[in-house]
Trainee: 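Got a structure for you, questions after.
Chain letters run A, B, ... following the sequence lines, proteins first, then strands; residues in each count from 1. Just so you know, these numbers use all the heavy atoms, side chains as well, and skip hydrogens, waters and symmetry mates. These numbers were taken from a predicted model, which means no experiment stands behind them.
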Protein chains: 2
Amino acid sequence: MTNQELKLKQAGFKITTPRQLILEVLKKYKTPLSAKQIYQYLPQIDLVSIYRNLKLLTNLKIIFQEIINNETFYYLDKKIHHHIVCQRCGRTECLPCNHKYKIKNFTNISHQLILSGLCNHCH
Amino acid sequence: MTNQELKLKQAGFKITTPRQLILEVLKKYKTPLSAKQIYQYLPQIDLVSIYRNLKLLTNLKIIFQEIINNETFYYLDKKIHHHIVCQRCGRTECLPCNHKYKIKNFTNISHQLILSGLCNHCH
DNA sequence: TTTATAATTGCAAATCATTTGCAATTATAT
DNA sequence: ATATAATTGCAAATGATTTGCAATTATAAA
């Protein structure tokens, strides 16, 4: 049983084929993927189930999400990383700390920092 | 003629009632507002026109936008500022530099930095 | 190792933010 | 004043995501 499957089980959820496949895809492609993208790799699984499972896995902190240009992307390994997005075509590049030079491919740069957490009320 | 109206005119666009009212609302409320929120203040104006004008004004850099939780908010004064969003209820607080202490109301904090600009291809 | 049951799935339809097409209206240059 | 292109409002489309519900399936207990 994988580490992720263990977490699922410990939280009292079933280890189902869709869940296993979604995790495998995220593991294989290593990059943040949208529900639609995962669906393209797994057309056997209903898109709705993909959405539901991505939400569950996110709640359990088995996977993590980031929202870019009104679409949510999911990834397995939580490491803080940043992006630069083209305002016109939406092209996105990851900016791992050791690739900062990539910012030279862009002009007209602005930025937005979103911190998220749980407010007192929800905690 | 206001500063914003001047920019519109200089860019060759008409100064229309919807545009004036949208700018007035953004000026009055000072905080980033979504199209829907602006529509609540201006029910006389079609929501579609609000969307179209917000896009135009953004393109002309008369107003600026930021995307939080899959919804776009617009504001008049470009000053870089940051937010913290509750992962559960979506409650959002602005974090102007002089109010950093507000972060104490949140736990479980993670962050995401989005830089945007124009890539070489689109420039 | 069956079986009961609650969790999960797939499908259809709903929802929410945003966009598009088009005919009617309006701001502006002449 | 008026011609004309830009803009509006309305209806309908789109794209991401969610919800309801009946059918299926993983799992724990017999």
Trainee: Send over the distance from B/Leu21 CG to C/dA27 P, rounded to a whole Å.
Mentor: 12 Å
Trainee: Report yes or no: does A/Arg19 contribute a side-chain atom to a donor-acceptor pair with the main-chain N or O of A/Asn53 at less than 3.5 Å?
Mentor: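 No.
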Trainee: Are A/Leu42 and A/Val48 connected in a single hydrophobic cluster, I mean Ile/Leu/Val/Met/Phe/Trp/Tyr linked by side-chain heavy atoms less than 4.5 Å apart?
Mentor: no
Trainee: Give me the atom names and distance for the closest heavy-atom approach of B/Pro32 to B/Gln37.
Mentor: O-OE1, 4.0 Å
Trainee: Side-chain contact test, heavy atoms from C-beta onward, threshold under 4.5 Å: evaluate it for B/Ile22 versus B/Tyr74 and give yes or no.
Mentor: no
Trainee: Contact class for B/Ser34 vs. all strands (heavy atom < 4.0 Å): base, sugar-phosphate, or nothing?
Mentor: nothing
Trainee: When the distance from CD of B/Glu5 to C1' of C/dA27 is rounded to whole Å, what number comes out?
Mentor: 13 Å
Trainee: Return the angle between end axes of the helix from C/dT1-D/dA30 to C/dT30-D/dA1, with five pairs used per end and rounding to 10°.
Mentor: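 End axes: 30° apart.
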Trainee: Tell me whether B/Thr58 contacts the main-chain N or O of B/Leu54 through its side chain, where contact means a donor paired with an acceptor under 3.5 Å.
Mentor: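 Present.
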Trainee: Is there a side-chain contact between A/Lys55 and the phosphate of D/dT17, meaning an N or O under 4.0 Å from OP1 or OP2?
Mentor: no
Trainee: Mapping B/Lys9 and B/Ala35 to their closest nucleotides on DNA chain C, which lands nearer the 5' end?
Mentor: B/Ala35
Trainee: Is B/Tyr51 near enough to C/dT19 that one of its side-chain N or O atoms lies under 4.0 angstrom from OP1 or OP2?
Mentor: no
Trainee: Determine whether A/Leu57 and A/Leu8 make a side-chain contact, defined as any pair of heavy atoms from C-beta on separated by less than 4.5 Å.
Mentor: yes
Trainee: Nearest 0.5 Å, what's the CD1-CD distance between B/Ile63 and B/Gln65?
Mentor: 8.0 Å
Trainee: Report the relative orientation of the aromatic rings in B/Phe64 and B/Tyr75; use parallel for angles under 30°, tilted for 30 to 60°, perpendicular for over 60°.
Mentor: tilted
Trainee: How long is the line joining CG of B/Leu33 and C1' of C/dT18, in whole Å?
Mentor: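 Atom-to-atom, B/Leu33 to C/dT18, this comes out as 17 Å.
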Trainee: At under 4.0 Å between heavy atoms, how does the protein contact nucleotides 4-10 of chain C? Give one character per nucleotide, 5' to 3', with B, S or -.
Mentor: --BBSBB
Trainee: Please tell me if the side chains of B/Leu21 and B/Gln44 come closer than 4.5 Å, counting only heavy atoms from C-beta onward.
Mentor: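 Yes; the side chains approach each other to less than 4.5 Å.
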Trainee: When the distance from CD of B/Gln40 to P of C/dA17 is rounded to whole Å, what number comes out?
Mentor: 10 Å
